[in-house]
Amino acid sequence: MELTPIFEVVRIKQEIRDMVEPFAAFQIRNPEDARELAAAQIANEDREVFLVMMLNTKNHVVGLHRAHVGSLNASVVHPRDVLKCAILNNAASLIVSHQHRRKDMFLFY
């Protein structure tokens, strides 16, 4: 019987890329700003999407993460998926959003 090597995770590296994201200079000042950003990212999806917006201490968006893409009418998200992206992006606060599709209108919560 041959033994397979076991690897120990010593460090998780966060990769920073030199590309400008469309939300990089976006600041959330009120709930309408958050709704607009969420709508721009997930409004046209054919399935439910759970979006996590990560903010710094000045409410500038430092990251967006689609924590889960669900089925036609459900999206099951585990808290660890939300918190992992927040920790890796050094977020001071979070805004979560998902959409419902009803006829021709999109609702955001």
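Below, each value reflects all heavy atoms present in this structure, side chains not excepted, and no hydrogens, waters or symmetry copies. The first residue in the sequence is number 1, and the count goes up from there.
Without hydrogens or angle criteria, Asp81 side chain to Val77 main chain gives no donor-acceptor distance under 3.5 Å. Side chain of Asn89 to backbone of Ala91: no donor-acceptor contact under 3.5 angstrom is found. The backbone N or O of Lys58 lies less than 3.5 Å from a partner atom in the side chain of Gln27, making a donor-acceptor pair. Side chain of Arg66 to main chain of Ile42: no donor-acceptor pair is present (N/O by atom type, distance under 3.5 Å, no hydrogens or angles). Looking only at distances, a side-chain donor or acceptor of Gln99 sits under 3.5 Å from a matching main-chain atom of Val49.
Between atom CD1 of residue Ile28 and atom CG of residue Leu37 there is a gap of 5.5 Å, rounded to the nearest 0.5 Å. Taking NE2 of His78 as the start and NE2 of His68 as the end, the distance is 11.5 Å to the nearest 0.5 Å. Interatomic distance, CG of Leu51 versus NE2 of His98, reported as 11.0 Å (0.5 Å rounding). Between the CG atom in Leu88 and the CE atom in Met54 there is a gap of 9.0 Å [rounded to 0.5 Å]. With rounding to the nearest 0.5 angstrom, the CE atom of Met53 is 9.0 Å from the CZ atom of Phe26. The CG atom of Leu55 lies 4.0 Å from the OG atom of Ser93; values are rounded to the nearest 0.5 Å.
Taking each heavy atom of Glu45 and Gln41 in turn, the nearest pair found is OE2-O, 4.3 Å.
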